[in-house]
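Accompanying notes for the structure given below.
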2 protein chains.
Amino acid sequence: MGDLEFKHAVETTLKVIGGKWKLVILCHLLDGVKRFSELKRSMPNITQKMLTQQLRELEQDGLVHRQVYSQVPPKVEYSLTEYGKSIKEVLDVLNGWGRRHRVRMKLQK
Amino acid sequence: MGDLEFKHAVETTLKVIGGKWKLVILCHLLDGVKRFSELKRSMPNITQKMLTQQLRELEQDGLVHRQVYSQVPPKVEYSLTEYGKSIKEVLDVLNGWGRRHRVRMKLQK
DNA sequence: CTGTATCCAAAGAGATACTG
DNA sequence: CAGTATCTCTTTGGATACAG
């Protein structure tokens with residue numbers, strides 16, 4: 001377990017999904033293709049800057065596809081790549097553990 | 001997927017293992033019981049403050065057990081609780097995805 | 001509509017000194 | 001040995017204004 005590769009790999013994954021909003025964005029995109037404004041609407045508390053920033057990072061990591069339609073007014077659609085969909089397996093495990101943890105922590109109170 | 005519970009659960013897990021050093025600490029403890037000074041030695045770049053802080057958080061989350069021996073000089077041993085060991089399943093999945101991701105990102109360069 | 005640029009606040013982490 | 005306290009620095013995220 002003291003394995004360096006192990007730690008690097010885990011850190012890599014945490015970095016990809018670790019941004020404050022990435023998880024929420026990924027959840028929305030798992031439901032299907034979304035326009036920028038749609039995403040913004042479904043996340044009332046995110047700023048445009050953060051939405052753009054986090055989407056760019058997800059795009060650079062190959063999880064998200066950005067489809068630009070050159071028209072006025074502009075239209076941009078975001079969707080998960082096939083690769084991006086593979087993150088679901090990870091989220092499912094985190095969800096499972098987190099659910100049990102929350103139950104446990106509540107019982108202790 | 002837009003499920004609120006899902007997001008909360010995932011965020012919970014990320015918070016538990018998300019600290020900069022928690023992952024490394026958990027890896028070391030997966031190898032067995034360790035004294036404070038042992039942990040410190042095996043992580044040359046961590047400060048005492050951070051090591052203490054992160055251990056306290058892991059303890060409060062129930063993953064780590066802190067055994068104090070009242071003697072001079074003091075001796076404190078840290079170990080994973082049975083519950084703490086359950087995090088390994090999560091780390092394994094993160095490791096698997098991260099490994100594939102790193103390969104993928106390198107190939108793209 | 002979909003961004004970019006700039007400035008500012010908050011949180012996380014590090015350095016250092018001190019203590020039972 | 002195993003911490004605590006304090007100060008500083010860096011990173012991250014938010015507010016606001018502006019642009020193609």
Side-chain angles (χ1 to χ4, degrees), chain A residues 7-8 10-29 32-61 63-80, chain B residues 7-8 10-29 32-61 63-80:
Chain A
K7 286 181 278 185
H8 286 160
V10 177
E11 274 161 8
T12 297
T13 307
L14 288 181
K15 202 158 188 187
V16 171
I17 63 174
K20 179 165 181 182
W21 298 99
K22 292 201 183 154
L23 175 64
V24 192
I25 294 173
L26 289 172
C27 283
H28 282 294
L29 291 183
V33 181
K34 300 280 166 117
R35 291 188 59 166
F36 184 86
S37 51
E38 264 183 293
L39 287 171
K40 180 77 184 67
R41 249 196 312 280
S42 50
M43 295 178 257
N45 292 326
I46 198 176
T47 59
Q48 266 184 338
K49 173 192 164 187
M50 288 311 295
L51 182 52
T52 303
Q53 199 176 94
Q54 307 267 296
L55 281 168
R56 290 289 178 285
E57 291 179 20
L58 290 171
E59 193 189 351
Q60 274 167 30
D61 282 326
L63 304 197
V64 163
H65 173 67
R66 181 169 178 257
Q67 178 68 47
V68 183
Y69 297 91
S70 296
Q71 57 183 53
V72 180
K75 171 177 170 181
V76 180
E77 281 179 348
Y78 291 93
S79 56
L80 287 186
Chain B
K7 287 181 279 185
H8 286 159
V10 177
E11 275 161 7
T12 297
T13 307
L14 288 180
K15 203 159 188 185
V16 171
I17 63 175
K20 178 164 183 183
W21 298 98
K22 293 203 183 151
L23 175 62
V24 192
I25 295 174
L26 290 171
C27 283
H28 283 293
L29 292 183
V33 180
K34 302 280 166 119
R35 290 188 60 165
F36 184 86
S37 51
E38 266 184 293
L39 286 172
K40 180 79 184 64
R41 250 194 312 280
S42 51
M43 295 178 256
N45 293 326
I46 198 175
T47 59
Q48 266 184 339
K49 173 192 162 187
M50 286 312 295
L51 181 52
T52 302
Q53 201 177 94
Q54 308 268 297
L55 281 168
R56 290 287 179 286
E57 290 179 21
L58 290 171
E59 192 189 353
Q60 275 168 30
D61 282 325
L63 303 197
V64 163
H65 173 68
R66 180 169 178 259
Q67 179 68 46
V68 182
Y69 297 91
S70 296
Q71 58 183 53
V72 179
K75 172 177 170 182
V76 180
E77 282 178 348
Y78 291 93
S79 57
L80 287 186

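Throughout, a chain's letter reflects where its sequence line sits, starting with A, and its residues are numbered from 1.
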Worksheet item: Rounded to whole angstroms, how far apart are CD on Glu57(A) and P on dG3(C)?
Response: 15 Å
Worksheet, complete the sentence: When rounded to whole Å, the CD1 to P distance for the pair Ile46(B) and dA13(C) reads 10 Å
Worksheet item: How long is the line joining CD of Gln71(B) and C1' of dC1(D), in whole Å?
Response: 10 Å
Discussion item. When you measure from the side-chain N and O atoms of Tyr78(A) to the phosphate of dC1(C), is any distance below 4.0 Å, counting only OP1 and OP2?
Written reply: no
Fill in: Among dG14(C), dG3(C), dT2(C), the one nearest Pro74(A) by side-chain distance
dT2(C)
Item to complete: Please state whether the phosphate of dT2(C), meaning OP1 or OP2, lies under 4.0 angstrom from any side-chain nitrogen or oxygen of Arg66(A).
Response: no
Fill in: Distance in angstrom units between Glu77(A) CD and dG3(C) P, rounded
12 Å
Worksheet item: Can you check the Gln53(B) CD to dA2(D) C1' distance for me, whole Å?
Response: 15 Å
Worksheet item: With a 4.0 Å cut-off on heavy atoms, is Lys40(B) in touch with a base, just the backbone sugar-phosphate, or nothing at all?
Response: nothing
Item to complete: Please determine which of Val64(A), Ile17(A), Leu80(A) meets the side chain to side chain contact (heavy atoms under 4.5 Å, CB included) test together with Leu58(A).
Response: Val64(A)
Practice prompt. Kindly determine whether Trp21(B) and Asn45(B) satisfy side chain to side chain contact (heavy atoms under 4.5 Å, CB included), including the steps that lead there.
Written response: CA-CA 10 Å; Trp21(B) 298 98; Asn45(B) 293 326; 3.9 Å; yes
Worksheet item: If you check every side-chain atom of Phe36(A), which of dA15(D), dT2(C), dG13(D) has the closest atom?
Response: dT2(C)
Worksheet item: Is there a side-chain contact between Phe36(B) and Leu55(B) (heavy atoms, below 4.5 Å)?
Response: yes
Worksheet entry | Out of dC1(D), dG14(D), dA17(C), whichever nucleotide has its closest atom nearest the side chain of Gln48(B) | dA17(C)
Worksheet entry | Value in whole Å for how far the P atom of dA2(D) lies from CG of Leu51(B) | 10 Å
Worksheet item: Which nucleotide, dG3(D), dG3(C), dG14(D), lies nearest any side-chain atom of Lys20(A)?
Response: dG14(D)
Worksheet item: Given dG13(D), dA2(D), dT2(C), which nucleotide is nearest the side-chain atoms of Val76(A)?
Response: dT2(C)
Discussion item. If the test is side chain to side chain donor-acceptor pair (under 3.5 Å), which one of Arg66(B), Gln67(B), Glu38(B), Lys34(B) qualifies with Tyr78(B)?
Written reply: Arg66(B)
Worksheet entry | Candidate nucleotides dT2(C), dG13(D), dA13(C), ranked by approach to the side chain of Arg35(A) - the nearest | dT2(C)
Item to complete: Can you tell me the distance, in whole Å, between the CG atom of Leu23(A) and the P atom of dG13(D)?
Response: 13 Å
Item to complete: Find which nucleotide of DNA chain D each of Ser37(B) and Trp21(A) is nearest to by heavy atoms, and output the residue with the more 5' nucleotide.
Response: Ser37(B)
Practice prompt. Would you mind reading off the distance between Met43(A) atom CE and dG13(D) atom C1', rounded to a whole angstrom?
Written response: 15 Å
Worksheet item: dA17(C), dG13(D), dA15(C): which one has an atom nearest the side-chain heavy atoms of Lys49(A)?
Response: dG13(D)
Practice prompt. Could you walk me through whether Met43(A) and Ile25(A) pass side chain to side chain contact (heavy atoms under 4.5 Å, CB included), step by step?
Written response: CA-CA 9 Å; Met43(A) 295 178 257; Ile25(A) 294 173; 3.8 Å; yes
